[in-house]
Amino acid sequence: MKSDGHRTVMWREAKTVQLQARSGRTVTSVWMDLAMAGMNSLRPGTVLDGEAVIYNEGRIDFAAAQSRAASGPVRARELAVVLPASYAVWDFLAHPELGDVRSRPHTERRALLLDLLHDVPPPVQGPEALQVDGFVYCDWSTGTSVTAGLIEGTTR
């Protein structure tokens, strides 16, 4: 599922967290709220692939994510106060103990991801509800399920 956010890889290193856009550009400064959440809740050696998304009035707001992504660090911090970001994780690239897991089957990576994120609080959220009946998706801002059509770009 595409979450109408910005695809971002999150690296939790020993003393820092790095966020990188699909283009390869480092975007940690504009998603600092997500970097701080990763620093506080993930173990060093974790690498996740997902989307930085912003919820506004119960819906994913792509324009807000675009605005944040295009802003400088100071403006990004101001925007984060009003509309904090969530990190919708959908793949696991490196495990803190097992290392690179990209060559493992998706089902195994998903199980490892759900286990790793079991006690991780928002805004870092796993894909628990992505595949319910093929039409129900998780609202990462509240942890509840919503039906397709309530998220822009999804259909039933």
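Basis for what follows: all heavy atoms, side chains included, without hydrogens, waters or symmetry-related copies. Keep in mind that this is a model prediction, so the values were computed, not measured.
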Using only atom types and a distance under 3.5 Å, with no angle test, would you say the side chain of [X] pairs donor to acceptor with the backbone of [Y]?
X    : Y    : result
R109 : A111 : no
Q18  : W11  : no
Y87  : L48  : yes

Working to the nearest 0.5 Å, report the span between [atom1] of [X] and [atom2] of [Y].
X    : Y    : atom1 : atom2 : result
M39  : E13  : CE    : CD    : 9.5 Å
D61  : Y55  : CG    : OH    : 11.5 Å
S41  : M36  : OG    : CE    : 10.5 Å
Q20  : T8   : CD    : OG1   : 9.5 Å
D100 : L93  : CG    : CG    : 7.5 Å
L117 : Q125 : CG    : CD    : 8.5 Å

**Message:** Using side chain to side chain contact (heavy atoms under 4.5 Å, CB included), reason through L113 and D91 one step at a time and then give a plain yes or no.
**Reply:** CA-CA 7 Å; L113 175 63; D91 203 2; 5.9 Å; no
Work out which heavy atom in [X] is nearest to a heavy atom in [Y]; give both atom names and the distance.
X    : Y    : result
A35  : T28  : CB-CG2, 3.8 Å
L116 : V120 : O-CG2, 3.7 Å
R43  : P96  : NH2-CG, 3.1 Å
F92  : V101 : O-CG2, 3.3 Å
G5   : A65  : CA-CB, 4.4 Å
A64  : I54  : O-CD1, 3.6 Å

Output a table of donor-acceptor pairs, distance under 3.5 Å, between side-chain atoms of residues 73-84 and any protein atom two or more places apart or on a different chain; print 'none' if there are none.
unit_1	atom_1	unit_2	atom_2	d
R75	NH1	E78	OE1	3.4

**Asked** Same cluster or not: are V17 and M32 linked, directly or through other Ile, Leu, Val, Met, Phe, Trp or Tyr residues, by side-chain heavy atoms under 4.5 angstrom apart?
**Response** no
**Asked** Is it the case that one hydrophobic cluster holds both V47 and V27, taking links as side-chain heavy atoms less than 4.5 Å apart, direct or via other members?
**Response** no
**Message:** Give me each pair satisfying salt bridge (Lys or Arg N to Asp or Glu O under 4.0 Å) with a member in residues 63-74, each pair once, sequence neighbours excluded.
**Reply:** D33-R68
**Request:** Kindly state each residue pair satisfying salt bridge (Lys or Arg N to Asp or Glu O under 4.0 Å) with at least one member in residues 15-29, sequence neighbours excluded.
**Result:** none
**Asked** Does any non-hydrogen side-chain atom of P44 lie less than 4.5 Å from one of R12?
**Response** yes
**Request:** Take the angle between the ring planes of W31 and H6 and call it parallel below 30°, perpendicular above 60°, tilted in between.
**Result:** tilted
**Request:** Answer yes or no: is there an ion pair linking R7 with D49, defined by an N-O contact shorter than 4.0 Å?
**Result:** yes
